[in-house]
Structures are given as C-alpha cells and as structure tokens.
Chemist: 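The structure's right below; bear with me while I get my questions together.
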Amino acid sequence: AQSVTQPDIHITVSEGASLELRCNYSYGATPYLFWYVQSPGQGLQLLLKYFSGDTLVQGIKGFEAEFKRSQSSFNLRKPSVHWSDAAEYFCAVVSTGGGNKLTFGTGTQLKVEL
Amino acid sequence: DSGVTQTPKHLITATGQRVTLRCSPRSGDLSVYWYQQSLDQGLQFLIQYYNGEERAKGNILERFSAQQFPDLHSELNLSSLELGDSALYFCASSDGGRFEQYFGPGTRLTVT
C-alpha cells in the first residue's frame with residue numbers, strides 16, 4: 001500500500017531564510033504527488049502537484065518541489081520564507097486503484113521567527 | 001476560496017446523537033471525497049462518491065454513512081456518536097478526469 005512519510009514534525013526558520021520540507025513516499029508505480037498547506041482553522045489549500053514530466057514543479061505562493069525517483073522523495077522548497085507561511089504542510093500521494101483517495105503524511109508544522 | 005462549501009462550520013453534540021454534515025462541490029466536479037482529521041489519526045480518507053455512486057471506501061466506521069445527491073452535493077451522516085468521533089471533517093471535490101482535490105473549510109465536530 002502506498003504511504004507518505006514526513007520526517008520533520010516541527011520546523012522553525014527565520015523570516016527571509018530558505019525552507020525545505022521533506023517528504024518520502026512508498027508507491028509501486030509512478031506516483032501522483034501533492035503538497036497542501038493548512039493555516040490555523042482553515043481547510044487544505046493545494047500548493048502544487050506532480051504527475052509526470054519535469055521533476056521540478058512550481059506552485060503557488062513561491063513554492064516549488066522536486067521529484068526524485070531514486071530517493072523516493074518530493075521535497076518542498078521556498079527560497080525566502082515570509083511570516084505568513086507559518087502553517088502546517090502536508091504531503092500526499094493519490095491511489096489510483098479503485099477511486100482516487102489521497103494518502104497524507106503526518107504533516108510538518110512550520111514556525112517562522114521574525 | 002476553493003469553491004467547495006461545507007456546513008455547518010461547527011457542531012457540538014452529545015454522545016449517542018446523530019448529525020449530518022453537508023458538502024457542495026466545486027461547480028462541474030463530479031467526485032466528492034470525505035476525510036477525517038484528528039490529532040491521533042491525522043488525515044484519513046473515509047469515502048468517495050462519483051456522480052452519485054460510491055467509488056471507494058476507506059476507514060469509515062459502520063456508524064457513518066454518506067450519499068451524493070443528483071445535484072452532486074453530498075452528506076455525511078454520523079450516528080451513535082462517541083467522544084472519539086470529535087474531529088475536523090473535510091469534504092473535497094475533483095473533476096472526474098483529474099487527480100487534484102480541492103478541499104472545503106471543514107466542519108469541526110465536538111462530541112461531549
């Protein structure tokens with residue numbers, strides 16, 4: 001069965017610093033991967049997605065992610081973090097066998113220090 | 001704003017009661033998904049409907065049921081509620097031919 005691991009539960013960065021959030025997946029075929037962000041009291045907003053093709057994908061809010069098949073990773077990056085980026089970030093993989101459910105990682109809580 | 005709406009935003013009820021959560025998908029989306037988010041279980045897939053038919057089932061309890069109506073809105077019914085059912089319940093929708101899902105703001109259920 002497919003699974004997603006986010007090894008970092010909490011990350012703190014200074015405003016203006018670069019950010020990398022890690023995500024590792026376990027999936028037999030080519031995965032369809034996503035990053036979502038959840039601000040306090042809010043729903044999940046789709047940041048970016050990877051289906052195939054170019055392994056570096058761009059998303060909203062200045063985020064990007066790189067798919068590395070050899071490392072089974074799909075890490076999220078941002079060159080310069082803003083205080084408003086403080087939120088919880090979820091990596092997810094879609095299962096295409098019998099429906100398209102999302103399997104989520106446990107999330108990484110990002111704190112931004114001013 | 002994702003275009004997915006959920007009502008109510010908050011719900012407080014007692015153990016043993018039954019509640020109904022409602023979701024309206026984005027215009028044109030045929031698939032509706034329900035997810036539960038709790039501190040101990042994280043985000044868990046419950047059930048998917050596509051154009052009125054059940055498409056996939058996850059870790060959904062027998063006390064829970066869902067349906068999708070001809071106008072494509074969906075309802076999640078939770079009965080014989082227990083304290084452990086307290087959670088945030090999300091609805092998401094997608095176009096039938098695409099994989100990305102768009103989430104509503106959620107319904108926070110508190111069982112006392």
Side-chain angles (χ1 to χ4, degrees), chain A residues 1-10 23 25 27 29-53 57-61 63 65 67 74 87-109, chain B residues 1-7 9-10 21 23-26 29-51 53-60 66 68 87-108 110:
Chain A
Q2 66 281 352
S3 65
V4 174
T5 302
Q6 293 180 248
D8 303 306
I9 298 174
H10 297 280
C23 171
Y25 66 89
Y27 194 72
T30 299
Y32 299 119
L33 294 159
F34 305 86
W35 276 98
Y36 284 87
V37 60
Q38 184 179 23
S39 298
Q42 303 296 314
L44 293 150
Q45 182 180 24
L46 178 64
L47 282 177
L48 46 77
K49 59 184 183 277
Y50 172 79
F51 291 161
S52 64
V57 293
Q58 301 297 320
I60 62 171
K61 304 186 178 188
F63 285 93
F67 172 69
F74 186 56
E88 189 155 24
Y89 292 79
F90 292 92
C91 183
V93 63
V94 68
S95 164
T96 57
N100 297 326
K101 71 169 189 175
L102 287 171
T103 297
F104 286 90
T106 49
T108 297
Q109 186 72 47
Chain B
D1 185 356
S2 66
V4 179
T5 61
Q6 289 187 249
T7 56
K9 193 167 185 176
H10 300 279
L21 312 183
C23 166
S24 291
R26 294 187 319 160
D29 283 357
L30 299 179
S31 276
V32 169
Y33 309 77
W34 287 97
Y35 293 85
Q36 179 194 60
Q37 185 179 34
S38 61
L39 284 174
D40 53 344
Q41 297 290 324
L43 271 159
Q44 299 279 323
F45 168 74
L46 295 178
I47 198 164
Q48 177 197 358
Y49 277 81
Y50 176 81
N51 203 20
E53 300 288 328
E54 183 183 301
R55 176 62 65 92
K57 221 172 202 180
N59 298 323
I60 187 166
Q68 187 179 26
L88 198 49
Y89 291 84
F90 285 112
C91 168
S93 74
S94 72
D95 180 313
R98 302 174 66 86
F99 294 118
E100 58 262 44
Q101 297 175 24
Y102 295 88
F103 282 74
T107 293
R108 181 167 295 282
T110 303

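First the proteins, then the strands, lettered A, B, ... as listed; each starts at 1.
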Chemist: Show the nearest heavy-atom pair for residues B:Gln37 and A:Phe90, with the distance to one decimal.
Modeler: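 Between these two residues, the closest heavy atoms are NE2-CZ, 3.5 Å.
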Chemist: Please report the closest heavy-atom contact between A:Gln42 and B:Phe90, naming both atoms and the distance.
Modeler: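 Distance-wise, the nearest heavy atoms are O-CZ, 4.0 Å.
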Chemist: Would you say that more than 12 heavy atoms from the other residues, nucleotides or ligands in this model lie under 6.0 Å from the OH of A:Tyr25, or not?
Modeler: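 Correct, the count exceeds 12.
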Chemist: Nearest 0.5 Å please: distance from the CG atom of A:Leu44 over to the OH atom of B:Tyr35.
Modeler: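 Separation between the atoms: 9.5 Å.
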Chemist: Answer yes or no: does atom CD1 of A:Ile9 have more than 12 heavy-atom neighbours from other residues, nucleotides or ligands under 6.0 Å?
Modeler: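 It does not: A:Ile9 CD1 has 12 such atoms or fewer within range.
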Chemist: Are A:Leu46 and B:Tyr102 close enough that some pair of their side-chain heavy atoms sits under 4.5 Å apart?
Modeler: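 A:Leu46 vs B:Tyr102: side chains touch.
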Chemist: Would you indicate whether B:Arg108, at its atom CZ, is surrounded by more than 12 heavy atoms from other residues, nucleotides or ligands within a distance under 6.0 Å?
Modeler: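 Atom CZ in B:Arg108 is not packed in, count stays at 12 or less.
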Chemist: Test your reading of the model: is there a side-chain donor-acceptor pair from B:Gln48 to the backbone of A:Asn100, 3.5 Å cut-off?
Modeler: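 Yes.
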Chemist: Show the nearest heavy-atom pair for residues A:Phe51 and B:Glu100, with the distance to one decimal.
Modeler: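 Answer, listing the atom of A:Phe51 first, then B:Glu100: CZ-OE1, 3.3 Å.
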Chemist: So, taking the atom named CD in B:Gln44 and the one named OG1 in A:Thr103, what distance separates them when rounded to the nearest 0.5 Å?
Modeler: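 Answer rounded to 0.5 Å: 8.5 Å.
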Chemist: With the side chain counted from C-beta on, respond yes when A:Tyr36 and B:Gln101 share a heavy-atom pair under 4.5 Å apart, and no when they do not.
Modeler: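 Contact flag for A:Tyr36/B:Gln101 side chains = yes.
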Chemist: Drop me the distance from B:Leu88's CG to A:Gln38's CD, to the nearest 0.5 angstrom.
Modeler: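 The CG atom of B:Leu88 sits 6.5 Å away from the CD atom of A:Gln38.
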Chemist: Can you measure from CG (A:Leu102) to CZ (B:Phe103) and round to the nearest 0.5 angstrom?
Modeler: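 Rounded to the nearest 0.5 Å, the CG-CZ separation comes out at 5.5 Å.
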Chemist: With a 6.0 Å cut-off (strictly less than), is the heavy-atom count around CG of B:Asn51, excluding the residue itself, greater than 12?
Modeler: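 Enclosed: over 12 neighbouring heavy atoms sit under 6.0 Å from CG of B:Asn51.
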